[in-house]
Amino acid sequence: AKMHKYLLYNAVEPEELPTLKELSTIEICKVWSGMSRHIYRQLLKKKAVDIGLGTFAVIPVHANVAEGKVLPVERPMFIMNKTLKMFYNLEGDETKIPEEIPVVQPDFEDIAAHTHFRHEILEQCVQETLLYFAGALRENKEVEFTFR
């Protein structure tokens with residue numbers, strides 16, 4: 001249900017992003033680096049993390065190494081939510097998350113314990129960033145979102 005707020009019929013208005021307005025760029029980066037470390041810890045525990053726009057997961061794939069030789073490897077991926085992909089008319093391969101991988105929501109309490117932000121601020125910052133991101137998708141803008 002969380003993802004529906006990212007299906008935008010209208011442009012994102014600045015008043016929908018009050019937390020981003022309050023935080024500095026450095027603080028926003030710190031929030032996302034806390035988020036990134038949290039996701040990484042979940043992936044190591046063989047869990048996938050659904051952030052609303054899509055899900056981070058480690059997917060088993062087959063890599064071609066030499067002539068006819070195939071190596072099973074695990075690849076971290078971001079799999080965009082299917083409804084969102086259709087809504088924004090985005091191209092891309094259909095990747096399925098294997099059924100044995102549990103999908104969890106980000107635990108903002110846990111992220112807060114590893115950063116100096118309150119979990120409400122973390123959650124709002126993440127949601128507003130994703131809303132901003134969805135706004136860029138809606139307007140067909142080029143977006144670069146670097147995620148370690």
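Basis for what follows: all heavy atoms, side chains included, without hydrogens, waters or symmetry-related copies.
Among residue pairs with one or both ends in residues 79-94, those qualifying as salt bridge (charged side-chain N to carboxylate O under 4.0 Å, His left out) are Lys85-Glu94; sequence neighbours excluded. For residues 100-109, no residue pair satisfies the salt bridge (charged side-chain N to carboxylate O under 4.0 Å, His left out) rule, not counting sequence neighbours.
Salt bridge Lys21/Glu16: absent, no basic N to carboxylate O contact under 4.0 Å.
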request  = Show your reasoning for whether side chain to side chain contact (heavy atoms under 4.5 Å, CB included) applies to Ile51 and Thr55.
outcome  = CA-CA 6 Å; Ile51 64 165; Thr55 304; over 6 Å; no
key: Intermediate values then yes/no, side chain to side chain contact (heavy atoms under 4.5 Å, CB included), Leu23 and Gln124   = CA-CA 11 Å; Leu23 297 173; Gln124 283 160 346; over 6 Å; no
Derivation of the side chain to side chain contact (heavy atoms under 4.5 Å, CB included) call for Val126 and Phe108 = CA-CA 10 Å; Val126 166; Phe108 289 101; 3.9 Å; yes
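Using a 4.5 Å heavy-atom cutoff, the side chains of Leu53 and Asn81 are not in contact. Val104 is not listed as a side-chain neighbour of Asp50, based on a closest heavy-atom distance of 4.5 Å or more.
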Could you pull out all donor-acceptor pairs under 3.5 Å where a side-chain atom in residues 110-117 meets a protein atom, sequence neighbours excluded?
residue, atom, partner, partner atom, Å
Asp110, OD2, His38, ND1, 2.9
Asp110, OD2, Arg41, NH2, 3.0
His114, ND1, Arg41, NH2, 3.4
His114, ND1, Asp110, O, 2.8
Thr115, OG1, Ile111, O, 3.1

In residues 59-68, what donor-acceptor pairs under 3.5 Å come from side-chain atoms, sequence neighbours left out?
none

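Tyr9 and Met86 fall into different hydrophobic clusters, where Ile, Leu, Val, Met, Phe, Trp and Tyr residues are linked whenever their side-chain heavy atoms come under 4.5 Å apart, directly or through other members. Using a 4.5 Å cut-off between side-chain heavy atoms of Ile, Leu, Val, Met, Phe, Trp and Tyr, with links allowed through other members, Val103 and Leu43 fall into different hydrophobic clusters. Hydrophobic clustering, with ILVMFWY side chains joined whenever heavy atoms are under 4.5 angstrom apart, groups Leu90 together with Leu84. Residue Trp32 is grouped with residue Phe133 when hydrophobic side chains (ILVMFWY) are merged at heavy-atom distances under 4.5 angstrom, including chains of intermediate members. Following chains of ILVMFWY side-chain contacts shorter than 4.5 Å, one cannot reach Ile79 starting from Phe87, and the two form parts of different hydrophobic clusters.
In this structure Glu22 satisfies the side chain to side chain contact (heavy atoms under 4.5 Å, CB included) test with no other residue, sequence neighbours excluded. Judged as a side chain to side chain contact (heavy atoms under 4.5 Å, CB included), and not counting sequence neighbours, the contacts of Thr25 are Cys29. Glu139 is linked by a side-chain hydrogen bond (donor to acceptor under 3.5 Å, both in side chains) to Lys141, counting only residues two or more places apart in sequence or in another chain. Partners of Phe78 according to the ring-ring contact (aromatic ring centres under 6.0 Å, His included) rule, which considers only residues two or more places apart in sequence or in another chain, are Phe56. Listed by chain and number, the residues in a side chain to side chain contact (heavy atoms under 4.5 Å, CB included) with Glu120 are Arg118 (sequence neighbours excluded). When the side-chain hydrogen bond (donor to acceptor under 3.5 Å, both in side chains) test is applied to Glu128, the partners found at least two apart in sequence or on another chain are Thr19.
Taking each heavy atom of Leu8 and Arg138 in turn, the nearest pair found is O-CD, 3.4 Å. Of all heavy-atom pairs between Cys125 and Val31, the closest is SG-CG1, 3.8 Å.
Between the CG atom of Leu17 and the OG1 atom of Thr129 there is a distance of 8.5 Å, given to the nearest 0.5 Å. To the nearest 0.5 Å, atom NZ of residue Lys47 and atom CD1 of residue Ile39 are 13.5 Å apart. How far CG of Leu20 is from CD1 of Ile28: 4.5 Å, rounded to the nearest 0.5 Å. To the nearest 0.5 Å, atom CE of residue Met77 and atom CD1 of residue Ile97 are 9.5 Å apart.
A centroid separation of 6.0 Å or more is found between the aromatic rings of Tyr132 and Tyr6.
Around NZ of Lys69, the count of heavy atoms belonging to other residues, nucleotides or ligands within 6.0 Å does not exceed 12.
Cluster partners of Leu44, using a side-chain heavy-atom cutoff of under 4.5 Å among ILVMFWY residues and allowing indirect links, are Tyr40.
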